[in-house]
Amino acid sequence: MRLATWNVNSVRQRLPRLLAFVERWEPDVVCLQETKVADADFPSEPLLARGYSALCHGQAGRNGVAIVSRLPLEEVARALPGSPVPEDARVLAARVDDITVVNIYAVNGKEVGDPAYEVKLAWFDALHAWAASVVDPAGRVAIAGDFNVTPDDRDVHDPDLWRGRNLASEPERTRVRALTDVGLVDLGRRAAGDVVGPFTFWDYRMGAFHRGWGLRIDLVLGSALVAERLVSVEVDREERKPTAGEGKPSDHAPVIVTIDD
DNA sequence: ATGTCACTTTACAAGTGA
């Protein structure tokens, strides 16, 4: 199975690139974040024409997640129990083949000290509690999405600059470690080994992509039975370039995970 | 560190969230 995750920053703005992406990679499943569209306005038809159905949990203008698949999808959940922001569309889970795919768009947190940062930590606590009760350690589970956290300093272009700041602070990293302690493996890090990156996000401002100022915040966590079948994890870095396709790029690059069937 | 982008609104500019 080929499973991708991509924060598209508006699925309608990114539609030509999304269609080109599925034709280029032929993924079985794509988890999208920041679709920024109500379910009724999700662009299902051009995806259906390419053999992909979509399950969406959206809202107008902000947040929004969707799972796009060429394999049958069976919805498992569309809410995070105990979320401090229950009105936000941030979670969607579905059964695909023999894998439970959980698509998440984590709270950004703005900056350490901001009330939104405390909401972020509480949101991860709710995710951990839910995962600990729902994720069957003996089952096949993948939690994919925009975590808005760099798991450690290898995931940051300049650790000294980022030390202690939102996206790199210790309390958020502790929350992500709590998820891996449930028995989930960070597949991107396992595939890459002990190197810097590969990054998946570059801010739109300051020419961050051109300057290499990236972060690895788009992750796929897999249960043991998924991790043992891991073949590869790739980042479609080309897709972040303004010249890579029609229209402007998202500030995130897609991550593509291949798992042996 | 913030040189941009996408969205919204009693809309033709400014605020917001990232």
Side-chain angles (χ1 to χ4, degrees), chain A residues 5-19 21 31-43 56-66 83-91 103-124 127 144-150 153 155-169 172 175-176 196-197 199-219 237-255:
Chain A
T5 179
W6 189 12
N7 178 323
V8 286
N9 185 22
S10 171
V11 70
R12 287 179 291 185
Q13 289 295 320
R14 226 60 65 205
L15 186 58
R17 283 174 177 252
L18 174 60
L19 298 176
F21 173 77
C31 294
L32 301 175
Q33 303 87 35
E34 284 206 86
T35 53
K36 296 190 175 181
V37 68
D39 291 351
D41 298 320
F42 189 91
C56 4
H57 179 200
Q59 61 186 106
R62 308 172 51 222
N63 308 316
V65 284
S83 170
V85 280
E87 66 281 8
D88 284 10
R90 295 184 178 276
V91 170
N103 181 11
I104 69 153
Y105 172 51
V107 173
N108 174 286
K110 284 195 180 128
E111 56 181 284
V112 175
D114 192 288
Y117 180 79
E118 298 304 321
V119 171
K120 179 184 200 173
L121 299 182
W123 187 88
F124 270 106
L127 179 65
D146 177 0
F147 282 66
N148 270 316
V149 179
T150 54
D153 279 352
D155 304 310
V156 180
H157 68 94
D158 185 344
D160 290 333
L161 172 70
W162 282 89
R163 186 149 292 119
R165 293 180 53 191
N166 187 44
L167 307 181
S169 70
E172 338 164 38
R175 293 329 188 265
V176 172
V196 174
F199 303 138
T200 65
F201 163 83
W202 297 261
D203 199 290
Y204 280 127
R205 296 165 292 183
M206 296 288 291
F209 180 69
H210 180 68
R211 296 158 101 145
W213 294 352
L215 304 173
R216 189 177 72 95
I217 57 176
D218 298 276
L219 310 178
R237 195 175 175 283
E238 286 295 306
E239 174 51 47
R240 180 60 181 79
K241 296 181 178 176
T243 52
E246 194 179 327
K248 294 174 177 174
S250 170
D251 43 0
H252 295 251
V255 177

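Proteins come first, then strands; the chains are lettered A, B, ... in the order of their sequence lines, and each starts at number 1.
- Regarding H157(A), its NE2 atom lies at a distance of 11 Å from the C1' atom of dT2(B), rounded to whole Å.
- Rounded to the nearest Å, the gap between the C1' atom of dT8(B) and that of dC12(B) is 14 Å.
- Side-chain N or O atoms of T5(A) include none that pairs as donor or acceptor with a backbone N or O of A144(A) at under 3.5 Å.
- For R175(A), the side chain to side chain donor-acceptor pair (under 3.5 Å) partners two or more places apart in sequence, or in a different chain, are D125(A).
- Taking atom C1' on both nucleotides, dT9(B) is separated from dG3(B) by 27 Å, rounded to a whole Å.
- M206(A) places its CE atom 6 Å from the C1' atom of dG3(B), with the value rounded to the nearest Å.
- dT2(B) atom P lies 16 Å from atom CG of L167(A), rounded to whole Å.
- E118(A) is linked by a side chain to side chain contact (heavy atoms under 4.5 Å, CB included) to L121(A), counting only residues two or more places apart in sequence or in another chain.
- Rounded to whole angstrom, the span from the CZ atom of F209(A) across to the P atom of dC5(B) amounts to 14 Å.
- Among all heavy-atom pairs drawn from S169(A) and V112(A), the shortest one is CB-CG2, 4.0 Å.
- Comparing dA1(B) with dG17(B), their P atoms sit 23 Å apart, to the nearest whole Å.
- In this view, W213(A) satisfies the side chain to side chain donor-acceptor pair (under 3.5 Å) rule with no residue, not counting sequence neighbours.
- Atom C1' of dT10(B) sits at a distance of 14 Å from the matching atom of dA14(B), rounded to the whole Å.
- At a threshold of 4.0 angstrom between heavy atoms, the contacts of W202(A) with the nucleic acid are absent.
- Per the geometry, CG belonging to L161(A) stands 11 Å off C1' belonging to dT2(B), to the nearest Å.
- Sorted by first and then second residue, the salt bridge (charged side-chain N to carboxylate O under 4.0 Å, His left out) pairs involving residues 202-216 of chain A (not counting sequence neighbours) are D155(A)-R216(A), D186(A)-R216(A), D203(A)-R205(A).
- With C1' as the reference atom, dA11(B) and dG15(B) are 13 Å apart, rounded to whole Å.
- Residues meeting the ring-ring contact (aromatic ring centres under 6.0 Å, His included) test with W202(A), sequence neighbours left out: F209(A).
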Encode nucleotides 6-18 of chain B as B, S and - characters from 5' to 3', where the letter depends on protein heavy atoms closer than 4.0 Å: B to the base, S only to sugar-phosphate, - to neither. SSS--------SB

